[in-house]
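Data first, discussion second: the structure below is written as structure tokens.
Keep in mind that the numbers below use all heavy atoms, side chains included, and drop hydrogens, waters and symmetry copies. Fair warning: this is a prediction, and the values are worked out from it, not measured in the lab. A note on names: the letters A, B, ... follow the listed sequences, proteins ahead of strands, and every chain is numbered from 1.
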Amino acid sequence: MISQIGSIAISLAGGLIFSSFIFLCFYKIRNDKNYLDISERSIIATCFCIFLAFFCLLNELLISNFNLQYVAQYTSYETPTFYKVTALWAGQAGSLLFWSFITSLFTIIYIFKTLKVMENLKFNSYFILTFIFSFFIILSSFIANPFEPVSSDIVVQNGNGLNPLLQNFFMAIHPPILYVGFTGSTIIFVMAMAASISKNVSFDWVRSIRRWSLIVWTFLSAGIILGGYWAYNELGWGGYWAWDPVENSSLMPWLTLTAFIHSSMIQEKRGMLKKWNILLATSTYLLVVLGTFITRSGVISSVHSFTAENLGPLFFSFLSILILYTLFWFLRRKSYLETDDKIDSFTSREGGFLYNNLILILMCFTIMWGTLFPILSEAWDGEKIYVGQSYFNQLNVPIGLVLLFLMGIGPLLSWKSTSYKVLRKNFILPMSISFVAGLVYFIFSVDYNIYVLVAIMGVAFTLSSILGEYYKSLKKFRKRNSNIFISTYKMFMSNRHQNGGYLVHIGIVLLFVGFIGRAFESEKEFSLSPGEQIYFNNYIFKLNSIKSEARDNHYAFMSDIDVIDDKNELLTNLKPEKRIYFYWNSDPEKRQPHSELDIHSTIQKDVYSIFSAYDAEKNLGYFKIMINPLVNWVWIGGILMVIGSLFAFWPNRLRR
Amino acid sequence: MNKVSTSIFLVFILIVGWIVYLTNIKQDDSLTMRYYSVQELVNKQSDISNIKLGGNIKPNSIEISEDDQLEAYFYVYQNQDSVKVYYYGIRPDLFTDDAEVVVSGSFSNNLITAKELQTKCASRYEGDLKNVEKI
């Protein structure tokens, strides 16, 4: 019954969005505002129908209605309630409905919050939203309907259940957070297009779209970092980023959005770069759609496996229409978006932002090129080429290092132009600190690496530059208040926007600290019997025992390894496990092995252990140990980025 | 030319240079690898030092050495053709019959010696329903 309601709700949403389109046409022909209002209500009603369908699916997952194909595929009676909820986005059909659900939430906020004050954007916003909604509703109705019943000639006794790898808290929350970021970019696209088509690229518009961008950026960043955290802690290859096409698809819109957040500041301050900003705002969403096309079409080989239904041609058509529409209006509004004001000097704050934009776009283009190269090459001469991680690392590392320095240079420059005297005064301290840091590395390093040297200098330079800016602001507040805590608090609250931005930059610097650690990683694969030990990277790994036990939903082989440091003291005890899920299944193919890692994690380094195989006859365990320095700084940096961004986003009480 | 124009010109030159470089990555073996199909390898007589290949593991073809569990031989198939692969190291958890794999390494004497072995990530996990009863 509930599933029928869900199915009807999706169909109703389809009808409503079609009526919205009809009323928009009437409004255009007769210029009667009533039609626009009806269209608005149709869109709101569409959103509510999608909410209803979403909650119907949630209900069916919770009550384990295995008459539905989707419910039977992703849950079982044994699936814990939390993972029944997360099964909403575990598969194609559910994730598409979830996508529409978040878009609907954002649309409601956009209509009631943004369009209430920017009425001029209504018609074009509704027109574009109607098109986007129509596409996703068609997908959910005809191509990937989550309410599709199972074939009538079978009875499902129990569902398949969720893959054990996905039964992890961070994996459960990583996709929805990323989805919020992806779908949020819809509103940025709609706002940018509507403003340029209706010639309303105003100061209020910039401020409003920047706020939207910040919130979307926060979710995108959090989603990307969480995905890395899950991969590192669950997948057992010891890394958090592999430059896989699916990962790249999330990074590309993040880069253009980051560029937009910076360049829109120039528009806000000086009214410049309108054209550029429109391009960045629209391309963010276009890259999201491109990413979805890559993820759901299978045109590019990826370690992320793809779904049964091929949505590639549909997403390709959707993307093509959006690109043509964007280009058409961009060219038509080119002269309107032209600005007279020009940049006076490149040693200015806006010059710094421009360089930053250039670097971010260069990085985005390089990643896009590497990601799409296999298809482009195949189309060009029929040769299928694989672009390896080395491409992305070798090309992006130098670009990233320039970006790292730019983050430190930006705050030291003044708006319009910076005199030589000011330049010298501002740069002398960060440059000295950077030089000393580099020298210390150079003297004490065993294996000298040019990238590490530059990265250490960059981290020192940027960190000292930002902390120096904080210190300068704090000094002003300390003159008025002697209490250090109160003045620090007031300093932070006085300009949330800028201080939040600096916090984000410190977060990114800490990410770089984590990236530096990758240059010093080491690993070893070995086999041990209980009582034996091995020496690796100044540690002794001693296997005490291997035990086994049957648990609720798996069978576990549990190892017990002592890690002894160079002072002959026990550093930690590691207990990586080899688990066999569905071990009771008589068909060995249906059993699923899973390595449960154990990581001894400190701020300096992680000792990462994997129990990869067990030979019961010889009582021999096969292990992999990795020493990963500075990994925790990646997560700390990620958290700081999100906190900083939220801090910048939060409305400024004083100004309000 | 004033300073601003000079900067723009330099940046333009850099971008053009970068794009020219990017269009030639195919020539650089350290950055890219040729993707082969199993069919292509079946008829290949010569050795290939840098190879990437995707396909499925042929059912019942996985042989794990009794002396060392890290040593494995298996066949990767596409349609009717298959090719033998040798891999030494920890195998991914999803490495099983019919699993979709991507191997990279070298090809010689009809054998791929894989340096890397990846199975497809489970983040989109779809399969036939398991516990069903036909009416």
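Proximity to chain A is absent for every atom of Y36(B), based on heavy atoms less than 4.5 angstrom apart. V11(B) touches chain A through its side chain: at least one heavy atom from C-beta onward sits under 4.5 Å away, while N, CA, C and O do not. For chain A, no part of I64(B) is nearby; none of its heavy atoms comes within less than 4.5 Å. No part of S104(B) comes within reach of chain A, as not one of its non-hydrogen atoms sits under 4.5 angstrom from that chain. With a threshold of 4.5 angstrom between heavy atoms, F373(A) approaches chain B through side-chain atoms but not through N, CA, C or O. Contacts of I361(A) with chain B are absent, with no heavy-atom separation under 4.5 Å from either backbone or side chain.
Between the CD atom in E383(A) and the OH atom in Y35(B) there is a gap of 14.5 Å [rounded to 0.5 Å]. Going from atom CD1 of I90(B) over to atom NZ of K624(A) covers 5.5 Å, rounded to the nearest 0.5 Å. For the atom pair N50(B) CG and Y386(A) OH, the distance stands at 11.0 Å (nearest 0.5 Å).
Of the listed residues (I610(A), L358(A), L376(A)), the one with the most heavy-atom contacts under 4.5 Å to chain B is L358(A). Ranked by heavy-atom pairs shorter than 4.5 Å toward chain B, the options S390(A), S527(A), S151(A), A613(A) are led by S390(A). Chosen from L620(A), L395(A), V387(A), the residue pairing most often with chain B at heavy-atom distances under 4.5 Å is L395(A). Counting heavy-atom pairs closer than 4.5 Å to chain A, the top-ranked of the candidates E66(B), K52(B), Q69(B) is Q69(B).
At least one side-chain heavy atom of L22(B) sits less than 4.5 Å from a side-chain heavy atom of F365(A). Side-chain contact between M33(B) and I385(A): absent, with no pair of heavy atoms (C-beta onward) separated by less than 4.5 Å.
Ion pairing of K26(B) with D381(A) is present here, as a side-chain N (NZ or NE/NH1/NH2) and a carboxylate O approach within less than 4.0 Å.
Considering all non-hydrogen atoms of both residues, Y391(A) and L31(B) come closest at CA-CD2, 3.5 Å. The heavy-atom pair separating Y622(A) from D67(B) by the smallest distance is OH-O, 3.8 Å.
Using modelled atom types and a 3.5 Å distance limit, the side chains of T366(A) and W18(B) yield a donor-acceptor pair.
Counting heavy-atom neighbours within 6.0 Å of Y87(B) OH, excluding the residue itself, gives a total above 12.
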